[in-house]
Amino acid sequence: MYSTTGIEASNYVSTYNTAFYFIAGVSLLLLFGLTIAMLYFVFRYNKKRNPVATQIEGNTILEITWTIIPVLLALFMFHLGWAGWKPTTKPPKDAMNITVIARMWSFLFVYENGKQSPDLIVPLNTPVKVNLVSLDVIHSLFIPEFRIKSDIVPGRQKFMWFMPEMEGKYKIFCAEYCGLQHSYMHSTVNVMSQEKFKVWFAESAKPIAVAGNAPGAVGEAIMRAQGCFACHTPDGTKLIGPSYLNLFGSQQVVIRDSKEVTVTVDPEYVKRSILDPNADITKGFPSNLMQSYRSTLSDDDILKIIEYLKTLNDK
Amino acid sequence: MISTAEIHRDDETSKTGMWLFLFTEMLLFGGLFIVYSVYRYRNPVAFHFAAQELSVVIGTINTIILLVSSATIAMSITAIQKKNKKLALLLLGVTILLGLAFLVNKYFEWGEHFKEHIYPGSSVLALRGQGDVLFYGLYFFMTGLHALHIIIGLVFIIVIATSILRDKIDSENHVLLENSGLYWHLVDLIWIFLFPLFYLIT
Amino acid sequence: MAENEKNHIIPYRTFLYVLAGLIALTLTSVTLTQISLGTLTVVIALIIAAIKSSFVLRIFMHLKFENKMFSRAVIGVIALLCAVITITLLDYLNR
Amino acid sequence: MITQNSNEEPSYLDYKGKYKGIFGWILSTDHKRIGLLYLFSIMSFFVIGATIGLLMKFELIAPGKTIITAQTYNAFFTLHGIIMIFAVVIPGLPAVFGNFLLPIMIGAKDVAFPRLNLLSWYFYVTGVTLVLISQFTGQGPPDTGWTFYAPYSFRTTGNMLPAVFGAFVLGFSSILTGLNFLVTIHRLRAPGMTWLKMPLFPWTLYATGWVQLLATPIIGITLLMIAAERVLHIGFFDPTLGGDPLLYQHLFWTYSHPAVYIMILPAMGAISEIIPTFCHKTIFGYNFIVASSIAIAFVGYFIWGHHMFTSGMSGTALYTFSLLTFIVAIPSAIKVFNWISTMHKASIDLQTPFYWAVGFLFVFMIGGFSGLVLGSLATDIHLHNTHFVVAHFHFIVFGGTGYAFFGAMHYWYPKITGKMYDSRWANIGLIIFFTGFITLYGAMFFLGMKGMPRRYYDYDEIFHTGNIISSLGAMVMYFGLAVIIINLVASLKNGRKAPSDPWGGKTLEWTIPSPPPVENFNEIPVITKGPYNYK
Ligand code: HEA
Ligand code: HEA
Ligand code: CUA
Ligand SMILES: [Cu+2]
């Protein structure tokens with residue numbers, strides 16, 4: 001009746017279920033009981049059946065009873081919720097560390113060995129501690145199947161942790177409204193067996209090795225992983241940022257120190273746009289939206305990106 | 001208990017309304033005090049040094065100015081009750097002058113900061129670090145809002161003074177004067193807290 | 001009813017005494033806070049501010065002579081504000 | 001004793017004052033006319049907001065783009081939220097029925113400050129106008145959601161300032177109404193009406209008044225800070241300036257949680273009037289209902305943090321907020337039990353307002369119970385910001401306040417207009433509306449449990465079925481409400497004349513003619529008995 005699959009995909013599912021079933025169960029019971037009582041009174045004591053009402057002012061003993069019983073129920077409900085929440089604050093010492101970098105509108109997961117991935121790939125039955133970093137506004141990392149969610153607040157050190165207990169792929173959503181493409185800010189968590197994970201983890205530090213060798217393919221793969229296409233399109237459609245179509249080599253009017261300047265889009269300019277996006281603001285576009293990629297892109301990556309941009313010119 | 005506005009003037013009603021309004025003012029500044037306490041707790045060092053830059057002398061003078069003006073407006077009520085219209089007007093005049101003096105002081109104080117390129121959004125301030133940005137942001141916003149209240153209070157008092165001049169307010173009917181007094185005291189009350197928070201606690 | 005109470009006349013003298021007291025407290029607070037006393041400074045400054053404001057409330061704002069209801073409401077509002085500040089700080093002090 | 005007005009007194013509707021035509025309304029300081037001004041403006045905005053709601057449901061009927069772009073969708077739920085919360089349900093019952101009935105129910109000729117009352121209507125209209133202006137000027141409408149969360153609200157290019165300022169002005173209007181009611185209740189009760197002889201609707205307005213007065217300034221100052229931060233770049237909440245975005249959330253919810261009790265308390269008051277009247281029976285546990293209103297208003301002030309369970313507050317704060325959230329459910333429980341007990345051994349006259357009250361009880365319980373699920377930490381971690389929350393608050397805001405509003409509308413309609421409406425159409429409309437309501441919002445509970453986040457323009461295929469059901473429900477409900485509203489409007493012309501006490505009510509408003517005369521009472525009544533005396 002409820003939940004997607006009923007599986008226990010993480011360590012939080014069972015405590016969540018206990019709290020949920022207790023609260024929902026008591027609630028449904030009370031709801032049915034009270035509704036039936038109400039409908040019975042409406043039927044039994046309507047004007048036709050009971051022409052004269054009996055005046056009753058109240059009954060203190062009853063009042064006390066129906067204060068105390070809900071208090072006890074409510075305290076127990078609170079207790080279940082607290083008990084289920086408590087473990088989320090205490091990650092085991094041996095937990096694996098992953099950092100998520102959230103920005104409008106993509107997640108990027110960075111592993112301890114420098115490996116980066118737009119998907120969260122984790123080994124089965126291993127506690128995972130995710131350090132939460134946001135570069136712009138508040139986002140929220142939400143894995144419904146794991147029953148866990150945590151806001152990613154810019155300027156704050158925070159983490160969340162969980163233990164995946166079932167192999168498979170599950171959805172990740174951004175659950176805090178973060179602007180235009182909020183509903184497209186999603187990803188996948190891929191729980192692998194520990195052996196498979198080891199293999200994946202040891203592969204080349206960059207995830208894009210297998211992109212193929214068409215010109216610009218690697219650049220495109222890098223950009224996909226970094227989430228550039230959330231704001232820029234390769235086909236001329238204007239999204240939040242300027243489209244890449246015929247961008248490279250063109251003339252652009254930009255605003256630099258609140259003065260308009262015309263620049264040519266050469267490698268130097270592209271590099272600056274990526275590493276220091278707020279230095280030159282392309283005219284007609286908002287400032288402060290694109291954040292620097294200094295922490296996640298190397299010079300080499302940027303060369304690959306330029307290679308890709310070049311391929312968009314002859315269309 | 002019976003009385004309706006049309007039939008009979010009801011001072012108690014009007015005073016109750018004024019007090020309730022003052023409560024909303026208290027909470028308006030209350031919200032800012034919450035922000036202040038949180039940021040002071042998070043940036044103790046920056047707040048410490050930033051507060052030392054404010055002039056205790058000007059702050060003290062302004063505190064005393066407001067206290068005296070509070071006393072004068074309170075005395076003007078006594079004067080009106082004793083049917084001493086001249087004295088009441090004189091005391092209100094003093095209150096207004098003191099209020100203006102407060103604002104003039106504030107003007108010079110702020111001007112001094114502006115000269116040192118300390119104002120919201122200034123790049124010099126931004127360079128000094130986030131604690132300073134927060135301290136001065138709060139300082140300008142809270143004292144600015146307070147100054148706005150001083151201006152409103154002055155307008156209120158001027159209106160009341162003209163009513164006294166035209167004998168609309170006299171020893172029998174002075175609840176409006178009392179209400180303007182209440183408002184002015186509230187402005188004073190808020191300053192009583194702003195002063196130590198910004199100037200004294202370093 | 002308040003009709004007769006409202007004409008309670010406070011002598012000028014009272015106000016002058018209170019004013020003198022307030023100024024004295026201000027100066028005390030200035031001198032005390034100029035000496036380095038650590039966290040105690042905050043406490044002292046706030047206690048003095050609280051004493052000053054109770055004078056303003058009770059005498060200048062006539063609470064002492066009004067219907068008790070007013071003083072109770074003022075105390076209630078101040079208590080509420082303090083409670084809200086405390087609860088907000090519950091978060092910040094324990095992070 | 002109570003005197004019946006003679007027929008010489010013109011009713012407030014026919015009365016010719018200083019001004020003619022429309023000016024006789026928009027310059028009138030008569031609390032009854034002001035009540036109707038509010039009714040008219042609130043209903044207009046409600047229809048705008050509801051139509052936007054329906055358009056959102058059309059968009060959500062299928063994944064991907066259906067009728068509008070993502071930008072429009074984001075602007076829509078922002079406007080929908082702002083209108084519905086600040087311009088419809090917060091003023092809703094107090095400004096319409098409170099204004100109209102509070103002075104009559106406590107035996108006064110008007111509120112304490114009639115001109116201030118009119119002023120607060122002007123503030124209301126100005127505020128909504130500003131919100132609407134924000135839609136058509138600047139660089140596109142605001143798109144932050146009604147919560148204006150920092151730091152997004154500084155980043156967006158949307159036209160935030162007029163909207164924020166509009167909300168600020170609406171807050172002012174709300175404060176003035178609350179202040180006015182508090183003074184009115186303190187000072188203008190009829191002789192003999194002691195506190196515990198006051199009817200329950202005024203009692204809830206009294207509790208609401210305090211919340212309005214003491215909570216609204218906090219949002220006022222918060223919105224001012226947002227404006228200052230956007231315009232003057234004063235650092236308050238923007239992390240790049242050292243501010244803390246969570247502090248914004250604290251301040252926002254310090255107001256906005258008590259605000260949900262501003263919405264529900266008067267609704268509970270209206271239900272407490274309807275139930276005894278149609279049961280022909282005194283209300284069960286009057287004192288406990290009064291006490292629970294005060295308790296809700298008081299405890300409700302300290303539980304704002306339950307909107308921030310996933311934001312990373314300290315454990316101590318989470319513990320306190322969750323515990324207090326469960327405590328605040330108790331007074332609501334007491335009310336529900338007392339209402340149902342009132343029906344025991346009653347003699348129930350099954351009229352439309354009573355059906356609305358029964359409907360209220362049912363959906364309010366569902367909304368309240370889902371609130372308990374959200375108040376519990378473990379479950380809220382999963383359900384926060386999903387459609388489960390959307391379902392919770394539509395059930396309790398629309399289902400609670402909305403049902404009570406329509407119940408009150410049908411209950412006091414004869415008194416306000418002097419006409420009876422057609423009960424058959426009213427009941428048919430209610431049944432259609434109720435069916436649509438349960439389908440529309442019921443489906444959202446399941447979507448939320450599956451994990452569909454809120455404020456999502458587009459969604460995963462797995463959520464499709466639920467959304468189809470929900471959207472179909474919206475259409476049914478829209479139809480039902482149209483029937484209800486058309487029936488009420490049509491009855492203005494066709495309805496038969498209403499007697500002064502069509503339902504056999506015992507509170508003071510039923511002792512004067514329908515519609516009431518300008519001065520309400522020829523002679524101020526002297527009260528000797530409790531409000532629901534059916535002996
Ligand atoms: C009219 C408005 C209204 C009312 C009255 C309530 C009432 C309650 N609300 Fe709700 N709430 C909202 C409007 C309202 N809410 C809105 C608008 C939001 C979303 C804001 C946003 O994010 O946009 C929200 C969000 C919201 C959240 C945050 C969810 C999240 O974002 O993660 C929570 C969490 O605790 C919550 C809890 C409650 C509780 C416990 C009550 C309780 O007061 C309910 C009490 C009632 C009952 C419990 C039923 C009757 C009781 C019985 C029949 C007896 C049995 C009782 C027991 C056994 C205890 N609400
Ligand atoms: C009182 C409060 C209220 C009311 C009544 C409604 C009514 C409706 N709401 Fe609203 N809603 C909110 C308050 C309310 N909402 C809030 C606060 C939010 C959060 C915003 C945010 O996230 O910031 C929200 C968000 C919200 C969302 C979530 C958006 C998202 O997160 O993605 C959705 C989605 O479907 C929705 C739908 C609807 C619908 C379909 C209606 C409609 O069903 C309304 C139904 C009304 C009618 C059917 C009546 C219309 C009748 C007529 C027009 C009659 C015709 C008239 C004559 C002939 C005279 N609402
Ligand atoms: Cu990121 Cu929503
Ligand atoms: Cu809440």
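Proteins come first, then strands; the chains are lettered A, B, ... in the order of their sequence lines, and each starts at number 1.
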Using the six-membered ring wherever Trp is involved, compare the ring planes of A/Trp66 and D/Phe284 and label them parallel, tilted or perpendicular (cut-offs 30° and 60°).
tilted

Where does A/Met160 contact chain D at under 4.5 Å (heavy atoms): side chain, backbone, both or neither?
neither

Taking the six-membered ring for Trp, is the centroid-to-centroid distance between A/Tyr177 and D/Tyr149 below 6.0 Å?
no

Looking only at non-hydrogen atoms, find the nearest pair between D/Ile381 and A/Arg147 and report the distance.
CG2-O, 4.0 Å

Quick one: does D/Phe354's side chain get under 4.5 Å of A/Val42's, heavy atoms only?
yes

Please tell me whether A/Glu63 and D/Asn338 have a donor and an acceptor in their side chains that are separated by less than 3.5 angstrom.
yes

Hey, can you tell me if D/His344 and A/Tyr45 have their rings parallel, tilted or perpendicular (30° and 60° cut-offs)?
perpendicular

Between D/His382 and A/Phe142, is the gap from one ring center to the other below 6.0 Å?
yes

Under a 4.5 Å heavy-atom cut-off, does chain A meet the side chain of D/Ala70, its backbone, both or neither?
both

Specify which of A/Gly84, A/Ala175, A/Gly155, A/Ala19 makes the most heavy-atom pairs with chain D at under 4.5 Å.
A/Ala175

From A/Asp151 CG over to D/Met313 CE, what is the distance, rounded to the nearest 0.5 angstrom?
10.5 Å

Go through the atoms of D/Leu246 and report whether side chain, backbone, both or neither lie under 4.5 Å from a heavy atom of chain A.
side chain

Nearest 0.5 Å, what's the NZ-OG distance between A/Lys47 and D/Ser347?
7.0 Å

As an exercise, state the distance from CZ of D/Phe337 to CG of A/Leu34, rounded to the nearest 0.5 Å.
5.5 Å

Looking at A/Leu62, A/Thr18, A/Asp136, which has the largest count of heavy-atom pairs under 4.5 Å with chain D?
A/Asp136

Bottom line for A/Leu73: the part with an atom under 4.5 Å from chain D's heavy atoms is neither

Tell me, side chain or backbone of D/Leu372 under 4.5 Å from chain A's heavy atoms, or both, or neither?
both

Flag for D/Asp458-A/Ser183: side-chain donor and acceptor within less than 3.5 Å
no

